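Taking it in order: structure first as structure tokens, then the write-up.
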Amino acid sequence: MRRLRRRAHLLLLCPFAKGLQGRLPGLRVKYAFLLWLGIFAGSWLLYGRYSAYSELCRGHVCQAVICDQYRKGVISGSVCEDLCELGRVQWKACRSSSPSRQVYSGLWRDTEVTIKCAIEEARGDTAPRRELALFDKPTRGTSMKEFRDMTLGFLKANLGDLPSLPTLVGQVLVLADFNKDRRVSLAEAKSVWALLQRHEFLLLLSLQGKEHAARLLGHCGDLYLTEGAPRGSWHGATLLPLLPPALQHWLGPAWPWRAKVAIGLLEFVEELFHGSYGTFYMCETTLANVGYTATYDFKMADLQQVAPEVAVRRFLQGRRCEHSADCTYGRDCRAPCDRLMRQCKDDLIQPNLAKVCELLRDYLLPGAPAELRDELGRQLRTCTTLSGLASQVEAHHSLVLSHLKTLLWRKISNTNYS
């Protein structure tokens, strides 16, 4: 039996082995080339990913510049000592979407936080000198009254002349006087002034006490900490309409939970529309910018593209245009172009509510209860046709929003989902 197996082995394998030996030099060259090509391609991909990450995620640069300014006495803030001296602020995952805007998850005193800081691009071969652009005001020590008047003038220019602004000025002064010594030092004034230049910070400050925006926890210069990002997010929700209904139920939250999140989003739109400190526009309306907590309470995850009405109108006023695309602030705050005058008009084509309803149409209709689907579809279609004309917004905005909230709340109230 052993001899028979040996003969079969010689008969079957030896011709192949001889043929392989004859072609071995060519195969060696071929496979060596393929191996080299694979190593080169893999190395190039790794280098590209590393380069993109190192360009996008520059938290170490942000911390170095901030702490340098703190040690020089230029800036101050409630987290400066923990950040620069005691090492109590830990930078974790990078969430930046732009090199000039650094966003990280982190820990501060055992609390999950989001760290936000801006980096001005360097010019030439010089290091970033952010203090020249951001920490230049006030130029000298001022009295509390002078700084109060300076802050009030800034808020009027950016939010409008509102009767509620003195209250907001009071919040700014409390934030600046973090050590509670009843005075605002030059470093404290420079820091809070730099923070006010950020639209997102200004909105966070005006929404403090509201449940749909992150809480401010502290700052150092123009670096600031908010409570951690929502545990749930809608990043995957943009794919739900593309999936079969069965998979939508498996991958997304149950429909009543989605309805609860949607109610929170509608309440947030209500807060932005004629709120205590004016009107704000959502200028990048995507599901990726919103989120929800573990209990499905809505939280706005990113306010960077939410801008004051005054800032949007200032951008549009007198702007030259050929078509409406030239009249776009941010990503989707778009006004019509007067082609006769070749200037942008003031009214936006779509208000916040119409853009949000477009998102909710794809998010809520799949899997909606059969008895609710037709009415919900009708109300969402009505909502998406709202224009940005001031007369129509005043007349229909609150009514349409109230109807939508009532319809959804009626379905989930007095259940485990409410």
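Computed from heavy atoms alone, side chains included, the values below leave out hydrogens, waters and symmetry copies. Note that the structure is a prediction, hence the values are computed from the model and not measured. Residue numbers run from 1 in the order of the sequence given.
- Between C333 and C283, a gap of under 2.5 Å is found separating the two SG atoms.
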Inset, instruction - Given side-chain contact (heavy atoms from CB on, under 4.5 Å), test L107 with E112 step by step and report yes or no. - result: CA-CA 5 Å; L107 283 176; E112 289 189 3; 4.0 Å; yes
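- Residues L155 and T151 are in side-chain contact: their nearest non-hydrogen atoms beyond the backbone lie under 4.5 Å apart.
- With sequence neighbours excluded, no residue forms a ring-ring contact (aromatic ring centres under 6.0 Å, His included) with Y277.
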Inset, instruction - Would you check, one step at a time, whether the test side-chain hydrogen bond (donor to acceptor under 3.5 Å, both in side chains) holds for R101 with Q304? - result: CA-CA 10 Å; R101 180 174 173 259; Q304 178 66 19; 2.9 Å; yes
Inset, instruction - Could you walk me through whether K411 and E371 pass the salt bridge (charged side-chain N to carboxylate O under 4.0 Å, His left out) test, one step at a time? - result: CA-CA 10 Å; K411 190 62 184 176; E371 68 275 13; 2.2 Å; yes
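- In this structure, R373 places its CZ atom where more than 12 heavy-atom neighbours from other residues, nucleotides or ligands lie under 6.0 Å away.
- Here L195 contributes atom CG and L205 contributes atom CG; the two are 9.0 Å apart, rounded to the nearest 0.5 Å.
- Atom CZ of R109 sits about 8.5 Å away from atom CG of L86, to the nearest 0.5 Å.
- Under the side-chain hydrogen bond (donor to acceptor under 3.5 Å, both in side chains) criterion, R378 pairs with E375, sequence neighbours left out.
- Considering only heavy atoms from C-beta on, T114 stays 4.5 Å or farther from Y104 through its side chain.
- What you find for L303 and A213 is that their closest heavy atoms are CD1-CB, 4.4 Å.
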Inset, instruction - Output, in order, the C-alpha distance, side-chain angles, deciding distance and verdict of side-chain contact (heavy atoms from CB on, under 4.5 Å) for L372 and L407. - result: CA-CA 9 Å; L372 187 71; L407 181 67; 3.4 Å; yes
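- At least one side-chain heavy atom of S402 sits under 4.5 Å from a side-chain heavy atom of T406.
- Taking a cutoff of 4.0 Å between a charged side-chain nitrogen and a carboxylate oxygen, R342 and D338 do not qualify as a salt bridge.
- A salt bridge between K299 and E227 is present, with a side-chain N of the basic residue lying under 4.0 Å from a carboxylate O of the acidic one.
- Cysteines C337 and C321 place their SG atoms closer than 2.5 Å to one another.
- Put simply, the side chain of S78 never gets that close to the backbone of F178: no donor and acceptor are under 3.5 Å apart.
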Inset, instruction - Quick one: do R320 and D326 satisfy salt bridge (charged side-chain N to carboxylate O under 4.0 Å, His left out)? Show the steps, please. - result: CA-CA 8 Å; R320 301 288 293 173; D326 299 327; over 6 Å; no
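- Within the 4.5 Å cutoff, side-chain heavy atoms of N179 are placed close to those of E188.
- Using modelled atom types, one side-chain atom of Q102 and one backbone atom of G59 make a donor-acceptor pair closer than 3.5 Å.
- Distance alone, capped at 3.5 Å, is enough to place a donor-acceptor pair between the R71 side chain and the C84 backbone.
- G106 and I115 get closest at one heavy-atom pair: CA-CD1, 4.2 Å.
- Residues S100 and I119 have side chains not in contact (no heavy-atom distance under 4.5 Å, counting atoms from C-beta outward).
- Every residue two or more places apart in sequence or in another chain was checked for a salt bridge (Lys or Arg N to Asp or Glu O under 4.0 Å) with E358, and none qualifies.
- Put simply, the residue from K190, R198, K116 that forms a salt bridge (charged side-chain N to carboxylate O under 4.0 Å, His left out) with D222 is R198.
- Without hydrogens or angle criteria, D161 side chain to K156 main chain gives no donor-acceptor distance under 3.5 Å.
- The shortest heavy-atom contact between E284 and D332 is N-OD1, 3.4 Å.
- Residues passing the salt bridge (Lys or Arg N to Asp or Glu O under 4.0 Å) test with D177: none are found, sequence neighbours excluded.
- The CG atom of D362 sits 12.0 Å away from the SG atom of C357 when rounded to the nearest 0.5 Å.
- A donor-acceptor contact closer than 3.5 angstrom links the side chains of Y224 and E200.
- Classification of K210 and E267 as a salt-bridged pair fails, no side-chain N sitting under 4.0 Å from a carboxylate O.
- We find the CH2-OH distance between W257 and Y292 to be 11.0 Å, quoted to the nearest 0.5 Å.
- Here the shortest heavy-atom pairing between S324 and R334 reads O-CG, 3.4 Å.
- When atom types are taken as modelled, the side chain of S191 and the backbone of I75 share no donor-acceptor pair closer than 3.5 angstrom.
- Using a cut-off of 4.0 Å between Lys/Arg side-chain N and Asp/Glu carboxylate O, D181 and R183 are scored as salt-bridged.
- At a threshold of 4.0 Å, the pair K405-E270 counts as salt-bridged, since one of the basic side-chain nitrogens sits closer than that to a carboxylate oxygen.
- Between the D297 side chain and the H212 main chain, no donor and acceptor come within less than 3.5 Å of each other.
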Inset, instruction - List the steps and the verdict of disulfide bond (SG atoms under 2.5 Å apart) for C67 and C80. - result: CA-CA 7 Å; C67 290; C80 286; over 6 Å; no
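- Between atom CG of residue L376 and atom CG of residue L380 there is a gap of 4.5 Å, rounded to the nearest 0.5 Å.
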Inset, instruction - Under the side-chain contact (heavy atoms from CB on, under 4.5 Å) rule, what do L173 and V169 come out as? Steps first, then yes or no, please. - result: CA-CA 6 Å; L173 294 178; V169 172; 4.3 Å; yes
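- Residues K260 and W409 fail the side-chain proximity criterion, which asks for heavy atoms closer than 4.5 Å.
- Taking 4.5 Å as the limit, some side-chain heavy atom of L207 sits within range of a side-chain heavy atom of F268.
- Here the closest heavy-atom approach between residue A187 and residue G73 is recorded as CB-O, 3.6 Å.
- Other residues, nucleotides and ligands place no more than 12 heavy atoms under 6.0 Å from the CD atom of Q317.
- Using a distance-only test at 3.5 Å, with no hydrogens or angles considered, a donor-acceptor pair links the side chain of N158 to the main chain of F154.
- The distance from the CG atom of L316 to the CZ atom of R313 is 8.0 Å, given to the nearest 0.5 Å.
- Qualifying salt bridge (Lys or Arg N to Asp or Glu O under 4.0 Å) partners for R314, counting only residues two or more places apart in sequence or in other chains: none.
- Side chain of T285 to main chain of V356: no donor-acceptor pair is present (N/O by atom type, distance under 3.5 Å, no hydrogens or angles).
- Within the 4.5 Å cutoff, no side-chain heavy atoms of R148 are placed close to those of V172.
- Looking at R215, its side chain never comes within 3.5 Å of a backbone N or O of T226 through a donor-acceptor pair.
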Inset, instruction - Decide side-chain contact (heavy atoms from CB on, under 4.5 Å) for E309 and F280; before the verdict, give the C-alpha distance in whole Å, the side-chain angles of both, and the deciding distance to 0.1 Å. - result: CA-CA 5 Å; E309 179 183 27; F280 290 82; over 6 Å; no
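- Partners of Y281 by ring-ring contact (aromatic ring centres under 6.0 Å, His included), not counting sequence neighbours: none found.
- Taking every heavy atom of both residues into account, V89 and W108 meet most closely at CG2-CD1, 3.5 Å.
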